[in-house]
Number of protein chains: 2
Amino acid sequence: MSQATSGVGSGTGAAAGATTPSDFPDLPEATVARLPEYLRALHQLADTGHDTVSSEALAAAAGVNSAKLRKDLSHLGSYGTRGVGYEISLLIAQIEHVLGLTQRRGVALVGVGNLGHALAGYAGFGSRGFRVVALFDADPRLVGKTINGLVVRHVDLLVEFAPAEGVAIGVIATPASAAQAVADMLVAAGVTSILNFAPCVLAVPDGVDVRKVDLAIELQILSFHEHRKSAAGGAVAVGAGAEALPR
Amino acid sequence: MSQATSGVGSGTGAAAGATTPSDFPDLPEATVARLPEYLRALHQLADTGHDTVSSEALAAAAGVNSAKLRKDLSHLGSYGTRGVGYEISLLIAQIEHVLGLTQRRGVALVGVGNLGHALAGYAGFGSRGFRVVALFDADPRLVGKTINGLVVRHVDLLVEFAPAEGVAIGVIATPASAAQAVADMLVAAGVTSILNFAPCVLAVPDGVDVRKVDLAIELQILSFHEHRKSAAGGAVAVGAGAEALPR
DNA sequence: CGCGATTTGTGCGTGCGTTCACAAGCGCCT
DNA sequence: AGGCGCTTGTGAACGCACGCACAAATCGCG
Ligand SMILES: NC(=O)c1ccc[n+]([C@@H]2O[C@H](COP(=O)([O-])OP(=O)(O)OC[C@H]3O[C@@H](n4cnc5c(N)ncnc54)[C@H](O)[C@@H]3O)[C@@H](O)[C@H]2O)c1
Ligand SMILES: NC(=O)c1ccc[n+]([C@@H]2O[C@H](COP(=O)([O-])OP(=O)(O)OC[C@H]3O[C@@H](n4cnc5c(N)ncnc54)[C@H](O)[C@@H]3O)[C@@H](O)[C@H]2O)c1
């Protein structure tokens, strides 16, 4: 949750009827959000020489309840063996298939500033099924530069270049003031999935998914619990134990 | 959701009974997660000269349902005026108080690499109630360097320095292989709130909150929906059919 | 060949979160 | 002063998600 997800399906014209539902049962959103975590844990287990894994062990590695994990896997018609567990390689293939990671998706990164630069050089993209295929920025000092083997193009060329580059997902790392305009361009370029790092709400047409990552929000949520802890029993009360401020 | 949150309270010894519930009613987690978004929207409205705002308008600015917003605000004993709306400045103060943002919390950043460097220079911290007070890394080439007015210290000094610096929240931006060790150090230093950017599950004692941000997971969730869309609607999908953007 | 140990898959109860819909309250206009 | 329109606050219904607990299935061993 916490991210806006434009409805999929429904609206578009006539009922799409047979969409080979056999292949893709309606996975609960909560399950979808956990599958990547399972996938990561599975890769980790595979790298450490394991062959099969029990739901209990995998759940521990992924930090979830084992019953929840089993139910999640059952949703995608999982192939576990009772009394044994799950075959890791098979499960990896299954999850990657469901998540659509069998084809490496192209990512366009817009805004190559502080954060964007770090993202452009991030190795975790490639190992997890993605490939940065295009960089865009508005700053003329950045346009033309090469970062990690990719040349930075001017953002005005986004709509022109993105489709040809095979962009499937757009990542916005510009200041909030530019985010909506960039989102509009991405949509115009046919991108239907956007990851937004700018602290603002984006308006997009139906059928376009937006997920948002906001560092400050995460910190503020932590702050709330911190505040709560110090107000309550007060565990160790670290550092400058400045007490609560009454209203 | 999506993040592991170690239980607060409960476990520790005898039932903590009275924790002055008068000041802080038990806010639902979902509400807490949305308050920062409301806060951001409110600041934006205040900056554009607004004085009061209706739940409908604020909800639109925050990208949520208006009924949900009203219920959220009602949980913290809000001060709206029927027929008028909410006074923005009052609401900002109220939310900041609940989130514990009246005192600026110190943040320690561990791992000043690609991502950590971007975070260290991020202005959004300061404007949203936080202050980076310490940087740590294990790389001797980085230790001693000054970034944004802060000197990078060796991570071995974390337990020694963090408490004195008034660190309330620890941010982990190291490789996953080092994350658990860093988390242990943060806990040893008395930090009870951790934001983890490394793609791994952290084990921490009860009473310590961990929130996780994993870029690849976000992309994979988007990938799922992308996969789903292309499987359903067929070719029609990506058409440049730019539709009107709801404003 | 049968039995026990183990682990999956799931039916079910419970609690949380979301949403609708409406009564109560407030300001403003006449 | 009184009524009218607008907005809040919330009661209630609904749906989803979580986790327990157990039956079914499989393997290994005696
Ligand atoms: N730096 C961080 O650690 C961090 C953390 C969380 C969120 N964010 C958010 O991420 C965004 C980027 O942060 P940053 O620190 O990298 O800022 P930055 O100023 O360093 O980089 C922004 C980049 O976007 C480019 N840009 C501006 N307008 C543009 C446009 N219309 N089209 C294309 N590019 C444009 C700028 O030229 C610049 O290179 C901000 O919204 C910020 O709030 C940053
Ligand atoms: N770069 C990104 O855009 C990005 C995006 C998402 C997630 N991440 C994750 O964030 C983490 C950091 O990514 P990065 O690209 O900055 O990597 P990086 O290698 O550039 O930086 C890691 C830093 O951590 C330091 N370090 C290593 N071991 C340490 C230890 N024990 N104690 C303290 N510091 C230590 C290293 O010296 C280095 O400076 C990784 O886990 C990565 O998966 C990065």
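Chain identifiers are assigned alphabetically (A, B, ...) following the order of the sequence lines, protein sequences preceding nucleic acid strands; residue numbering begins at 1 within each chain.
A donor-acceptor pair is defined here as one N or O able to donate and one able to accept, closer than 3.5 Å; such a pair exists between the side chain of A:Arg104 and the backbone of A:Gly126. With A:Gln220 contributing its side chain and B:Arg128 its backbone, the two residues share a donor-acceptor pair below 3.5 Å. The backbone N or O of B:Tyr79 lies less than 3.5 Å from no partner atom in the side chain of B:Gln94, so there is not a single donor-acceptor pair. Looking at B:Gln180, its side chain does come within 3.5 Å of a backbone N or O of B:Ala203 through a donor-acceptor pair.
Computed from coordinates, the A:Leu69 CG to D:dA17 P distance equals 16 Å when rounded to whole Å. For the pair B:Leu58 CG and D:dC6 P, the interatomic distance rounds to 20 Å; values are reported in whole Å. Residue A:Glu56 contributes atom CD, which lies 12 Å from atom C1' of C:dT6 at whole-angstrom precision. Following rounding to the nearest Å, A:His75 (NE2) and D:dG19 (C1') show an atom-to-atom distance of 14 Å. In this structure, B:Leu27 places its CG atom 11 Å from P of C:dG17, rounding to the nearest Å. Across the protein-nucleic acid pair, B:Glu29 atom CD and C:dT18 atom P stand 12 Å apart, rounded to whole Å. Rounded to whole angstrom, the span from the NZ atom of B:Lys71 across to the P atom of C:dA21 amounts to 14 Å. To the nearest angstrom, P of C:dC16 lies 15 Å from CG of B:Asp72.
Note: A:Leu219 CG to B:Leu101 CG = 10.0 Å, rounded to the nearest 0.5 Å.
Side-chain contact between B:Val171 and A:Leu215 is absent, with no heavy-atom pair separated by less than 4.5 Å.
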For this session: Determine, for nucleotides 22-30 of chain D in 5'-to-3' order, which nucleotides have protein heavy atoms under 4.0 Å from the base (write B), from only the sugar-phosphate (write S), or from neither (write -).
Result: --BBBS---

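The A:Ala67 side chain lies nearest to D:dC20 when the options are D:dC20, C:dT19, C:dG17.
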For this session: Please report the C-alpha distance between B:Arg34 and B:Glu37 in whole Å, then the side-chain angles of each, then the deciding distance to 0.1 Å, and finally whether the salt bridge (charged side-chain N to carboxylate O under 4.0 Å, His left out) criterion is met.
Result: CA-CA 5 Å; B:Arg34 282 187 294 266; B:Glu37 192 68 50; over 6 Å; no

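OP1 or OP2 of C:dT8 sits under 4.0 Å from a side-chain N or O of A:Ser55. Proximity of B:Asn65 to the phosphate of C:dC20: a side-chain N or O atom is located under 4.0 Å from OP1 or OP2. For the OP1/OP2 pair of C:dG9 and a distance below 4.0 Å, the side-chain nitrogens and oxygens of A:Tyr86 include at least one atom meeting the criterion. Contact annotation: B:Lys68 side-chain N/O to C:dT19 OP1/OP2 distance is under 4.0 Å.
Atom CG of B:Asp51 has 12 or fewer neighbouring heavy atoms from other residues, nucleotides or ligands inside a 6.0 Å radius.
For the helix from C:dC1-D:dG30 to C:dT30-D:dA1, the rotation axes defined at the first and last 5 base pairs enclose an angle of 0°, given to the nearest 10°.
Residues B:Ser193 and B:Ala168 approach most closely at CB-O, 4.0 Å, considering heavy atoms.
Between A:Thr31 and B:Ser54, the one whose closest nucleotide on DNA chain D sits nearer the 5' end is B:Ser54.
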